[in-house]
Amino acid sequence: MKKLILLLAAMTISAFSQAKTIDMPADSVAWRQSDLPGYQLVMQKCTTCHSAHYAEYQPPNTGVGYWNTQVLRMKNVFKAPITDEEVPIIVQYLNQTYGANRK
């Protein structure tokens, strides 16, 4: 009886410990290309965690302060690999490409 219980327990643990996979839909929104140096940083740093959907769906009247807050949040809260020196460069790209100062 003990062997049966141990066998069932082992089978139950084995069933729950199997790796799960998640199939994500294809990303259909690309970051807007730019000659600004922040574009390359966004491609290197931001795309490791999220797509351009995040920037595309922000209010179009956002300013530098808004984008600065968002980039600092990504850096400080979500631990994005962004240095202090890179923050204003990324902010400039986001503001001029997705914000109120878009060109």
Side-chain angles (χ1 to χ4, degrees):
M1 184 67 167
K2 287 183 181 179
K3 288 182 182 180
L4 180 60
I5 292 173
L6 288 174
L7 179 62
L8 288 173
M11 289 173 56
T12 302
I13 291 170
S14 175
F16 285 111
S17 66
Q18 298 296 319
K20 305 289 185 226
T21 60
I22 299 173
D23 293 324
M24 300 297 287
D27 189 8
S28 60
V29 177
W31 291 95
R32 296 181 193 171
Q33 290 186 352
S34 172
D35 292 333
L36 293 169
Y39 172 69
Q40 291 302 320
L41 285 173
V42 165
M43 294 302 293
Q44 293 169 7
K45 310 282 180 143
C46 304
T47 58
T48 59
C49 295
H50 62 84
S51 71
H53 277 100
Y54 186 81
E56 285 287 351
Y57 293 123
Q58 300 307 308
N61 61 343
T62 56
V64 172
Y66 176 84
W67 291 109
N68 191 64
T69 299
Q70 296 308 311
V71 173
L72 288 175
R73 187 179 89 176
M74 297 300 167
K75 178 183 183 307
N76 298 325
V77 176
F78 297 107
K79 306 302 179 198
I82 301 169
T83 66
D84 290 340
E85 294 77 22
E86 293 169 333
V87 170
I89 299 167
I90 293 172
V91 168
Q92 179 189 23
Y93 163 75
L94 293 171
N95 186 53
Q96 290 186 7
T97 309
Y98 296 96
N101 296 320
R102 69 181 78 192
K103 295 179 178 179

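In what follows, every heavy atom counts, from backbone to side chain, and hydrogens, waters and symmetry copies are set aside.
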Q | Gap separating the CE atom of Met43 from the CD atom of Gln40, nearest 0.5 angstrom | A | 7.5 Å
Q. Which residue pairs satisfy the salt bridge (Lys or Arg N to Asp or Glu O under 4.0 Å) criterion with at least one member in residues 65-85, sequence neighbours excluded?
A.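 Every salt bridge (Lys or Arg N to Asp or Glu O under 4.0 Å) pair that includes a residue of residues 65-85, provided the two are not neighbours, is Lys75-Asp84.
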Q) Which ILVMFWY residues can you reach from Val77 by hopping between side chains whose heavy atoms are under 4.5 Å apart? A) Tyr54, Met74, Phe78
Please report the closest heavy-atom contact between [X] and [Y], naming both atoms and the distance.
| X | Y | result |
| --- | --- | --- |
| Arg32 | Tyr98 | N-OH, 2.9 Å |
| Ile82 | Glu86 | CA-OE1, 3.5 Å |
| Asn95 | Gly63 | OD1-C, 3.4 Å |
| Val29 | Ser51 | O-CB, 4.4 Å |

Q.
For Tyr39, give me all partners under ring pair (Phe, Tyr, Trp, His ring centres under 6.0 Å), at least two apart in sequence or on another chain.
A. Tyr93
Q: Tell me, please, which residues at least two apart from Asp35 pass salt bridge (charged side-chain N to carboxylate O under 4.0 Å, His left out).
A: none
Q | Which residues share a salt bridge (charged side-chain N to carboxylate O under 4.0 Å, His left out) with Arg102, sequence neighbours left out | A |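 Partners of Arg102 under the salt bridge (charged side-chain N to carboxylate O under 4.0 Å, His left out) test: none.
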(Q) Looking at Val64, is its backbone amide N or carbonyl O close enough to the side chain of Asn68 to form a donor-acceptor pair, meaning the two atoms are under 3.5 Å apart? (A)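 A pair under 3.5 Å: no.
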Q) For Thr62, which residues count as a side chain to side chain donor-acceptor pair (under 3.5 Å) partner, sequence neighbours excluded? A)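 Listed in chain order: Trp67.
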Q. Is the closest side-chain heavy-atom distance between Gln70 and Leu94 below 4.5 Å?
A.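 In short, these two side chains do not touch, never coming nearer than 4.5 Å.
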